[in-house]
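Data block below; observations after.
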Amino acid sequence: MSLLGSIVSKILHPFGGGTADAAPAPNAGSGGSAGTSTPSTSAPGTAGGSEPVDVAAVLTGLAEKNPQTLDWRHSIVDLMKLLGLDSGLAARKQLADELHYTGDKDDSASMNIWLHKQVMQKLAENGGKVPDDLKH
């Protein structure tokens, strides 16, 4: 499973009730293009065919159980740590590749901001209920 797929699956299916093969958006704001594939959720816009998953509630719940104080609302590094994923630079560059980031990957601050926005957008596209302040 791709890194993006792991992120989507851990948030939208926190109890292992399914998987999501999230594909990068055809135009993820980077000027590039990618093939499209259908996520393995039951219906577009829903996770498992039920009500949309409240992304903020899932992540807040995980954060409350985590001994570290993680700012998942603003930091891709903290979001990945919260999900138990490798948050190192190499992993973030891999995620940037999956999402077709065309900026300078050595400018990690700009890349991290872009990645966080794209991940939130992908969660929304795959059936997550993402608060408006996290989509932009």
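What you see is a predicted model, and the numbers here were worked out from it, not measured in a lab. Numbers here simply count residues along the sequence, with the first being 1.
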* With the 4.5 Å side-chain cut-off for hydrophobic clustering, are Leu85 and Leu95 part of the same group? -> yes

* Asked: Passes side chain to side chain contact (heavy atoms under 4.5 Å, CB included), Met111 versus Ile76? Steps please.
  -> CA-CA 10 Å; Met111 181 179 73; Ile76 190 68; over 6 Å; no

* **Partner set under side chain to side chain donor-acceptor pair (under 3.5 Å) for Asp104, not counting sequence neighbours** => none

* Mind checking the OG1-CH2 spacing from Thr102 to Trp114? Nearest 0.5 Å is all I need. => 7.5 Å

* **Point-to-point distance, once rounded to the nearest 0.5 Å, from CG of Leu115 to CD1 of Ile7** => 8.5 Å

* Asked: Can you hop from Ile113 to Leu89 via hydrophobic side chains spaced under 4.5 Å?
  -> no

* To do: If a pair satisfies side-chain hydrogen bond (donor to acceptor under 3.5 Å, both in side chains) and one of its residues is in residues 52-71, list it, with sequence neighbours excluded.
  => Asp71-His74

* Structure fact -> Looking only at heavy atoms, the pair that brings Ser75 and His116 closest together is C-CD2, 3.6 Å

* Just wondering, do Leu3 and Met80 contact through their side chains at under 4.5 Å, heavy atoms? -> yes

* To do: Not counting sequence neighbours, which residues clear side-chain contact (heavy atoms from CB on, under 4.5 Å) with Ala63? List them please.
  => Trp72, Leu82

* To do: Could you go through the side chain to side chain contact (heavy atoms under 4.5 Å, CB included) check for Leu62 and Lys10 one step at a time?
  => CA-CA 11 Å; Leu62 289 172; Lys10 285 177 180 273; over 6 Å; no

* To do: Identify, with sequence neighbours excluded, every residue that meets side chain to side chain donor-acceptor pair (under 3.5 Å) alongside Lys129.
  => none

* Asked: When rounded to the nearest 0.5 angstrom, what is the spacing between CG in Leu79 and CG in Leu123?
  -> 7.5 Å

* Determine, step by step, whether Leu12 and Val55 satisfy the side chain to side chain contact (heavy atoms under 4.5 Å, CB included) criterion, reporting the C-alpha distance in whole Å, the side-chain angles of both residues, the deciding distance to 0.1 Å, and the verdict. => CA-CA 7 Å; Leu12 299 185; Val55 171; 4.2 Å; yes

* Working to the nearest 0.5 Å, report the span between CG of Leu134 and CD of Gln121. => 11.5 Å

* Close side-chain approach of Leu59 to Leu83, heavy-atom, < 4.5 Å -> yes

* Structure fact -> Output for pair (Asp97 CG, Ser2 OG), nearest 0.5 Å, gives 12.0 Å

* To do: Name all pairs fulfilling the side-chain hydrogen bond (donor to acceptor under 3.5 Å, both in side chains) condition that reach into residues 79-96, sequence neighbours left out, sorted by first residue then second.
  => Arg92-Asn112, Lys93-Asp106, Gln94-Glu98

